[in-house]
Amino acid sequence: MPRLSPEELRERMARDLPGAVLEAAPLQVTAPPAHGPQPGAFLTTDTLVAPAHLVAAALYLRDTLGYAFLSDIAVVDYLADGLFELVYRFYTLDGGDALVLKLRVPRDQPAVPSLTPHWPGANFHEREAFDLFGITFVGHPYLRRIYMWDEFEGWPMRKDFPKQGDKYIGADE
Amino acid sequence: MLKTEELQINIGPQHPSTHGVFRMLVTVDGETITDLKPVFGYLHRNHEQIAEQNTYLQNMPYTDRLDYFNSMANNHAYAMAVERLAGIEVPERAEYIRVLMVELTRILNHAGALGFLINDMGMWQTQLAFGMREREKILDLFESASGARLMCNYFRFGGVARDLPPDFLPRLKDLLIALPSFVDELERLLRENEILLQRSEGIGVLPRELALAYSVTGPVLRGSGVPYDVRKAEPYSVYDRFDFDVPVGTVGDVYDRFLVRVEEMRQSKRIIEQILEQLPDASGGHINPKARQNVRPPVGDTYARVESPKGELGFYLVSDGSGKPYRYKVRAPSFINLTPLGDMCRGYKVADVVVILGSIDIVMGEVDR
Amino acid sequence: MQIQRGSVIEVARGKRTVRRIPGQGLLDGMAVVWKHWQGSFRKNVSFSEIHGTFTMEYPEEYPKLPEAYRNMPILLYDEETGHELCTSCFQCERICPPQVIHMTQAKDPATGKAVPAVAEFVIEYDACMSCGFCAEVCPFDAIKMDHDFELSTADHQGLTVFKEQLNRPISYYERIAPTMWTEVRDGALKKLQGNIKRRPDVIGMAPNLAEKIAARRRELAAAAAAAPATPPPAAPAAPPTEARKLTPEEKAAKLAAIKAANAAKQAGETLPAAAPAPPADEKAARLAAIRANNAARQAGEAPAAAAPAEPTPATPADEKAARLAAIRANNAARQAGEAPAAAAPAAAAPPATAAEAAAEAAPVDEKAARLAAIRAKNAARKAAEQQGE
């Protein structure tokens, strides 16, 4: 099984899964400062897929390309850009670098198809993402908070979660 | 046929054999497990949020506290991630010292983990005490090099905090004389022990396909017969310069995981011996003098992973160009290795649950983060 | 899967030997345990052996800690000059991951400018994570990691550690970490010499070195006397040329001083009587402490105001000094007053010492006031400690 670069992956996916690959727009990450050096935009080299095609793309990676090992699902809250980015990391057992699928969903309606029915290993990753970021995984069999208690309100890893003075900590601490 | 009724019980959160504050919501039919759901979060401190408020260097001691058994391995993964992000070179000698420390960590982790596994089987502290003895010796070495036994905080961006002290290598060589007899003795004590065989053979079987689907890593995955080791699959640091084998199991039960760990200690010792041969020729100092510790990496993201003793430990970092990480995500091996616990326990007896949990080798500091 | 430099080995399962007796595996294991039990009667100190006792009878026997061992941060001072190495550059405060280091920079009381010395330095030991970054980052090698690990206390407040408790002589650090100190010694001492030149008076000296401070003060006075040859030497030796006219503020201060002194005397008299009633007693004691301290301050100030021999009208500077002294004395008094039962002796002690100090140091009034404050504080603390016991 040949190891693929992100460019090759995009090429093959565009051929085999029309409509799945999106053009990645640069992210500004944080609001640029009024003065001083500008940090510049973040243009990813990884493959950006449409949320509706996520399951098809992941299965394509697993069944056609042999990248069967779903290692990690990371969520990044790009507050300034108003979106969540999910980073799926697939490995092949032959070794080598990962193939990465990225997925962008708007911050106000974060709903993503769940991979848990196909990869049981995605279970805890997705529950963690739900718990800390409030991303709804459609089709997840047991989407409950994993770290925080069930009655907890709010999504503690979001960038706009209050660092101080929420109802659990109290304003004076 | 007796009519039975299903019963839900909680195992945990407070019991020494649960390796920390960890609860299992178990549905039993008589003595047989029909369902198990791990419940955790009792040690949750939002490590990732804390890390996003800190500068890159300030996070280094916090990574120690993830898997507090293997602070060196955590340091290594984090340092690698930041070095990739900021483009920092690591001198050869520093790489050797790093690998040396990480392999020692692997030995001490397995020595401890096997002890706890045996403890979970009801053999009390005999093997645990023997394992802890070797662990303490290694911790003594860590203390002399880094200043602390557990929370080593030894790695820096571009190398390690200080060079090895003069008495380090002689003591390490002494230790290497003792290690084989320790492992042999462990095997003699346990390998053919009837109690261990009865408690572990055919218990907690995780078949190969299921192990892959559950994306478990480390000795659990290799115990199920998948020869996947990050050190071989994607060699980082200087791992491509050493000869070592990857032990795999055939059945995927508790006994295979036990044997894989025993063999991994031997392989780690092999690596350390090769380091001792190659270390004097390694160029560079213990740290890259040009590496700034208050890094401000350019905008971008990176993922670095290492084979921690418990599995694949990865750090996903996103930089916004400032001195603090914009996103810091830990891919914790203990956390993911817990996912198949329900499937591994289904159909076995209540008494096996703790043994199966012990064979996964989790640390709650890393699971809960 | 292909593996470079190595192979995949399948671990061998199950029994290797043919069993003649059932339970032989157990017996084999018992033999191992037996061997260890036999070995446990002798001591083992070598890493190359696995038998024998490795443990240590801890309180009787202490582990030999490696030099690099780090537990909690301490501050170093140089015993020869009495100066602290810290210049309050705030590097450690900035890098501290749990943010438990706090400090304020010393200011020259005469000019109000910042001085490369530290006024107060606080480390919250209870939240310190012993990472050692502060010692690593310190450009003056002033903060180092201690080897003392017996810090357990029943008193949580005691884990907020102030400069007086943090100060250790260089010789102490040299003893626990000889090579690590030798590496940095020359640079650290050179930087210290440079900093001493920029520190006026006794700022930056370790407060527990009272004799050093006195010696330094004498030295400074001598230097001041030697440098300008023409004017009459130091203030005390100078003959009174003319009685300076007192400003209204000074007059008021003098009056207040007398009043406060009287009040203090009264308070001291009434205190024993008030002793039986605890709450009232505490309040009275605190009040007495404040009054007594005011008295002490005034006592410090009064000679200043009365000293007509001042060559220059030093009013603004010494007023400031006096105010500083007053604040410090008050703090000390509060500390003393807070230890309830001992309040009476504690309150009585500091003003006495302070007054004494002020009296003997009267010539250089500004310094005297400061010294009085320091002494008062120390005395108060001592009293409080005695009470604590």
Side-chain angles (χ1 to χ4, degrees), chain B residues 54-55 57-62 64 126 130 133-134 136-137 140 143-148 151 153 161-162 165 171 174-175 177-178 181-182 185 188-197 201 225 227-228 232-233 235 240-251 255-256 259-260 262-263, chain C residues 1-17 19 22-33 35-36 44 46-55 63-71 94-99 129-133 135-137 145 147 179-180:
Chain B
N54 281 347
T55 64
L57 183 64
Q58 283 177 346
N59 282 334
M60 191 64 87
Y62 280 98
D64 289 342
T126 310
F130 295 165
R133 182 195 61 226
E134 295 312 305
E136 285 300 308
K137 288 183 192 170
D140 275 352
E143 193 182 25
S144 72
S146 72
M151 306 295 144
N153 187 22
R162 56 174 74 83
R171 286 167 91 191
D174 275 356
L175 180 70
I177 299 171
S181 45
F182 162 67
E185 196 189 70
R188 191 171 166 219
L189 177 67
L190 295 169
R191 201 195 149 84
E192 301 182 28
N193 188 314
E194 280 82 357
I195 299 174
L196 183 112
L197 289 175
E201 267 190 320
Y228 191 79
K232 291 287 189 195
D240 48 353
R241 303 187 193 179
F242 308 123
D243 296 311
F244 64 100
D245 299 335
V246 178
V248 295
T250 44
V251 180
Y255 191 51
D256 266 345
L259 294 174
V260 164
V262 173
E263 190 56 40
Chain C
M1 174 182 170
Q2 283 298 310
I3 279 180
Q4 305 292 314
R5 308 198 61 157
S7 53
V8 177
I9 45 170
E10 275 186 8
V11 289
R13 289 169 65 91
K15 298 172 174 121
R16 282 171 173 174
T17 47
R19 293 291 157 71
Q24 200 175 355
L26 274 174
L27 288 175
D28 266 8
M30 289 305 282
V32 172
V33 178
K35 210 175 162 195
H36 271 285
N44 188 341
S46 163
F47 268 28
S48 57
E49 256 192 288
I50 60 169
H51 294 284
T53 311
F54 285 85
T55 47
K64 195 177 163 293
L65 294 170
E67 270 187 45
Y69 178 77
R70 55 185 151 85
N71 197 33
R94 237 174 274 140
I95 202 160
C96 180
Q99 299 282 302
M129 67 205 285
S130 304
C131 64
F133 278 158
E136 240 167 78
V137 82
M145 301 307 278
H147 283 197
T179 53
M180 282 169 75

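Within every chain, numbering begins at 1; the chains are lettered A, B, ... in the order of the sequence lines, protein sequences first and strands thereafter.
Residue Phe130(B) touches chain C through its side chain alone, counting heavy-atom pairs closer than 4.5 Å. Proximity to chain C involves both the backbone and the side chain of Leu57(B), based on heavy atoms less than 4.5 angstrom apart. Within the 4.5 angstrom heavy-atom criterion, only side-chain atoms of His51(C), from C-beta onward, approach chain B. Heavy-atom distances place no part of Thr55(B) under 4.5 Å from chain C, backbone and side chain included. In this structure, chain B has heavy atoms under 4.5 Å from both the backbone and the side chain of Pro98(C). Contact annotation for Arg188(B): both backbone and side-chain heavy atoms come within less than 4.5 Å of a heavy atom of chain C. Using a 4.5 Å cut-off between heavy atoms, Asp256(B) touches chain C through backbone and side chain atoms alike. With a threshold of 4.5 angstrom between heavy atoms, Leu65(C) approaches chain B through side-chain atoms but not through N, CA, C or O. If you measure heavy-atom distances from Asp243(B) to chain C, the contacts under 4.5 Å come from both the backbone and the side chain. For Glu136(C), the part lying under 4.5 angstrom from a heavy atom of chain B is the side chain only.
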Might you work through the side-chain contact (heavy atoms from CB on, under 4.5 Å) test for Asn153(B) and Phe133(C), ending with a clear yes or no? CA-CA 9 Å; Asn153(B) 187 22; Phe133(C) 278 158; 3.8 Å; yes

### Message
Could you walk me through whether Gln99(C) and Gln58(B) satisfy the side-chain contact (heavy atoms from CB on, under 4.5 Å) test, starting with their C-alpha distance in whole Å, then the side-chain angles of each, then the deciding distance to 0.1 Å, before giving a yes or no?
### Response
CA-CA 10 Å; Gln99(C) 299 282 302; Gln58(B) 283 177 346; 3.9 Å; yes

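Using a 4.5 Å heavy-atom threshold, the side chains of Glu49(C) and Asp174(B) count as separate. Proximity of Ile50(C) to Glu134(B): side-chain heavy atoms (C-beta onward) are separated by under 4.5 Å at one or more points. Lys35(C) is not listed as a side-chain neighbour of Glu185(B), based on a closest heavy-atom distance of 4.5 Å or more. Val246(B) places none of its side-chain heavy atoms less than 4.5 Å from the side chain of Ile9(C). Annotation: side chain of Tyr69(C) is in contact with side chain of Glu143(B) (closest heavy-atom distance under 4.5 Å).
Scanning both residues, Ser144(B) and Ala68(C), for their nearest heavy atoms gives O-CB, 3.7 Å. Taking every heavy atom of both residues into account, Pro227(B) and Val8(C) meet most closely at CB-CG2, 3.6 Å. Across all non-hydrogen atoms, the minimal contact from Pro247(B) to Val11(C) is CB-CG1, 3.9 Å. For the pair Arg70(C) and Met151(B), the tightest heavy-atom approach, listed with the atom from each and the gap, is NH2-O, 3.4 Å.
Atom CZ of residue Arg133(B) and atom OG1 of residue Thr55(C) lie 11.5 Å apart, to the nearest 0.5 angstrom. Taken from CZ in Phe47(C) to CG in Asp140(B), the straight-line distance is 4.5 Å, to the nearest 0.5 Å. The OG atom of Ser46(C) sits 11.0 Å away from atom CZ of Arg171(B), with the distance rounded to the nearest 0.5 Å.
Between the side chain of Asp245(B) and the backbone N or O of Ser7(C) there is at least one donor-acceptor pair closer than 3.5 Å.
Looking only at heavy-atom pairs under 4.5 Å with chain C, the residue among Lys137(B), Glu136(B), Met60(B) that has the most is Lys137(B). Chain C forms more heavy-atom pairs under 4.5 Å with one residue of Leu189(B), Val260(B), Leu196(B), Asn54(B) than with any other, namely Leu189(B). With chain C as the partner, the residue from Asn59(B), Val262(B), Asp240(B), Val248(B) showing the most heavy-atom pairs under 4.5 Å is Val248(B).
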